[in-house]
There are 2 protein chains.
Amino acid sequence: MARVIIDPRSDRPVYKQVADDLRRRITSGEFAPGDSIPSEKEMEGYYGVGRTTARQSVALLRAEGLVITEHGRGTYVRPRLPVRRLSGERYRADRDQIGDGQPPATSFTKDQGIGWSEYRLDRTFTEIPATPELAELLAVPEGTPILERRFTFHTVDGPQQMSTSCYPLELVAGTPVADPANEPWPGGNLAQLATLGITVTKVTERVRARMPMPDEMAALDIPAGVPVITVTRVMLAGERPVEAAVDIVIPADRVELNYTIDLD
Amino acid sequence: MARVIIDPRSDRPVYKQVADDLRRRITSGEFAPGDSIPSEKEMEGYYGVGRTTARQSVALLRAEGLVITEHGRGTYVRPRLPVRRLSGERYRADRDQIGDGQPPATSFTKDQGIGWSEYRLDRTFTEIPATPELAELLAVPEGTPILERRFTFHTVDGPQQMSTSCYPLELVAGTPVADPANEPWPGGNLAQLATLGITVTKVTERVRARMPMPDEMAALDIPAGVPVITVTRVMLAGERPVEAAVDIVIPADRVELNYTIDLD
DNA sequence: CAGTGGTCTAGACCACGCT
DNA sequence: GCGTGGTCTAGACCACTGT
């Protein structure tokens, strides 16, 4: 009987002791990513605890992002997904590509190293008045007409990110840029702005992380215990903000952001 | 009786319906950050559910980072903490300050806008052989002697971040830099390297997010439902890596990272 | 069908914070 | 002392996945 490892009289709650043991067995490699861990029934016998307590242990490991549960199948060590490297340098590559006659490749496709046909894009375009946040980012008065464009990007690996990108309406009204049918636009935002005669000279990104909202978990297929990274991006032409992406939302289990700061 | 909002025969589990209602009341502002939400006993009566179900709803909101529970006191909408802006530009400021005779201020203090005396630093220095990861980051053979320095930074607001910063031992052996007693070093890493005759010309940062490990939750005082942002940083002099911070760990509820990409 | 995790109840006892 | 959340049990029934 291995239940000796659990001490019911310890100050540490039984469910945490059980979780500690499972965590150790996971991080030590005894259970590898994708492996199943013992069923709740097995834990009852092995650790000598009730089912509720066993479930509480699993819930803890789930919140830590260590395991996922699949109804009717079992509990598994969370598999590692392929990580997409999103580099700040991609904007430079986009700029350099503008008008060079190459086949279309947006930042998104180049980040993946995937071809044009392998991704899908859902989009919704709406005209809205500038919210206080948008007004500040775009340096326009509150209420200024804005073209809000919501995107969801998919690859063969499933949904990858959501974003909301906004242009001041006066920049794009009546141009092909305002037509959702033209998405995905070859060359991305920078090429799009270039057709309007606008040269982006600077991009700022503000990075945060938080737990996803329920609708984001559903839309992006995010398992329990996995946070999202959010990016607020502003593109500037000189000192003038020309685009603001208020909420780029990316599941943190499939992305890493890379930045370079030059000091010379 | 307000319990009409719960439909026990719905496909949606009761505890999720309860959580939905509480979430709505939180995001709508009915419960503001810092406010207490109804006790488990009150939920039993108000929603007509058992205590276990009420607790399950609270557990869900906790995992989402919306509420925190305090034993013996109650359940509260998670208060917002002051956000520290960590800009990539801080390295430029550090560089510009080297040797200018100003009072000591490291990146960390400038980020805060706080004074020298308001932060505390725990550090442990160890000599280790380069792990495969360190070897790659520092472009040295595996096993190369490394000075590993572990830090924990505190302000009056509590612990703020942990980091592990590594120098190739040959760069720093026998110099004041290798002495923990000299930390915190006025001017930070860049000034430290400058005393060795090394001019850092480039910094790369790799940003990720994940849920904290139990020891990190304890050391950094992280509530349930709050992820950590991790940064892997490399400082380069020309093409030569001179410092690698393998794991900068920052609770995501008190930081935001800012980056600028110049395209001209 | 058997085995798995998901939902829910009723109840007991404990630990903590406040008054 | 009283109200709060924390731990734990035994048991029932449901829903899903596999054979």
Side-chain angles (χ1 to χ4, degrees), chain A residues 3 5-22 31 34-63 66-79 214 217-218 223-225, chain B residues 3 5-22 31 34-63 66-79 214 217-218 223-225:
Chain A
R3 72 176 59 172
I5 50 179
I6 303 301
D7 175 9
R9 286 166 315 192
S10 159
D11 273 352
R12 190 155 180 83
V14 171
Y15 81 93
K16 285 189 181 172
Q17 295 182 54
V18 172
D20 288 343
D21 188 58
L22 292 169
F31 301 127
D35 285 359
S36 70
I37 70 169
S39 73
E40 293 167 2
K41 184 76 79 183
E42 287 169 333
M43 288 185 207
E44 290 188 52
Y46 186 79
Y47 294 111
V49 300
R51 191 186 165 206
T52 311
T53 302
R55 278 185 65 75
Q56 211 173 349
S57 308
V58 173
L60 189 57
L61 298 177
R62 242 161 54 104
L66 286 181
V67 304
I68 57 173
T69 54
E70 296 189 18
H71 193 173
R73 301 222 313 130
T75 302
Y76 302 85
V77 179
R78 183 159 64 82
M217 291 187 64
Chain B
R3 72 175 61 173
I5 50 178
I6 303 301
D7 174 9
R9 285 166 317 191
S10 160
D11 273 352
R12 190 157 180 81
V14 172
Y15 81 93
K16 285 189 182 173
Q17 294 183 55
V18 172
D20 288 344
D21 188 58
L22 292 170
F31 301 126
D35 284 0
S36 68
I37 71 169
S39 72
E40 293 167 2
K41 183 77 80 185
E42 287 169 331
M43 289 186 205
E44 289 187 53
Y46 185 80
Y47 294 112
V49 300
R51 190 185 165 207
T52 311
T53 302
R55 278 184 65 75
Q56 211 173 348
S57 307
V58 173
L60 190 57
L61 299 176
R62 240 161 55 105
L66 286 181
V67 305
I68 57 174
T69 53
E70 294 188 19
H71 195 173
R73 299 224 313 132
T75 302
Y76 302 85
V77 179
R78 183 159 64 83
M217 290 188 64

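All chains are named by letter (A, B, ...) in the order of the sequence lines, taking the proteins before the strands, and each is independently numbered beginning at 1. No hydrogens, no waters, no symmetry mates; every other heavy atom, side chains included, goes into these values. Please read these numbers as outputs of a predicted model, since none were measured by experiment.
For A:R51 and D:dG11, the shortest distance from a side-chain N or O to OP1 or OP2 is not below 4.0 Å. Phosphate proximity of C:dG3 to A:R73: absent, as no side-chain N or O sits under 4.0 Å from OP1 or OP2. Under 4.0 angstrom from either OP1 or OP2 of D:dT4 there lies at least one side-chain N or O belonging to B:S39. Contact annotation: A:T69 side-chain N/O to C:dG6 OP1/OP2 distance is under 4.0 Å. Between D:dT9 and A:T53, a contact under 4.0 Å exists linking OP1 or OP2 to a side-chain N or O. For C:dG5, the OP1/OP2 oxygens have a side-chain nitrogen or oxygen of A:T75 closer than 4.0 Å.
Comparing B:D11 and B:I37 along DNA chain D, the residue whose closest nucleotide (by nearest heavy atom) sits nearer the 5' end is B:I37. Sequence order on DNA chain C of the closest nucleotides to A:T52 and A:E70 puts A:E70 first from the 5' end.
Among the protein residues, A:V58 comes within range of no part of the nucleic acid, since none of its heavy atoms lies under 4.0 Å from any strand.
Listed nucleotides: D:dT4, C:dG6, C:dT7. Nearest to the side chain of A:E40: C:dG6. Set against C:dT7, D:dG6, D:dT7, the side chain of B:R62 has D:dG6 as its closest nucleotide. Across D:dT7, D:dT4, C:dT7, the shortest atom-to-atom separation from the side chain of A:K16 is found for D:dT7.
The distance between atom CD1 of B:I68 and atom C1' of C:dG17, rounded to the nearest whole Å, is 15 Å. For the pair B:I6 CD1 and C:dT7 P, the computed distance is 14 Å after rounding to whole Å. Between the CD atom of A:Q17 and the P atom of D:dT7 there is a distance of 12 Å, rounded to whole Å. As rounded to whole Å, 12 Å separates atom P of C:dC8 from atom CG of B:L60. Atom CE of B:M43 and atom P of C:dT9 are 14 Å apart (whole Å). Rounded to an integer number of Å, the gap from CZ of A:R12 to P of D:dT7 is 10 Å. Atom pair A:R55:CZ and D:dT7:P shows a separation of 16 Å (rounding to whole Å applied). Atom pair B:E44:CD and C:dT9:P shows a separation of 9 Å (rounding to whole Å applied).
Contact annotation: the side chain of A:M43 approaches that of A:I37 to within less than 4.5 Å [non-hydrogen atoms, C-beta and beyond]. Between A:Y46 and A:V18, every side-chain heavy-atom pair lies at or beyond the 4.5 Å cut-off. Side-chain contact between B:I68 and B:P79: present, with at least one pair of heavy atoms (C-beta onward) separated by less than 4.5 Å. Using a 4.5 Å heavy-atom cutoff, the side chains of A:D21 and A:Y47 are in contact.
In terms of heavy atoms, B:Q17 sits closest to B:S10 at NE2-CB, 3.6 Å.
Between the NZ atom in A:K16 and the CG atom in A:L60 there is a gap of 7.5 Å [rounded to 0.5 Å].
Under the stacking definition used here (centres under 5.5 Å, planes under 30°), the residue A:H71 fails to qualify as stacked on the base of C:dG6.
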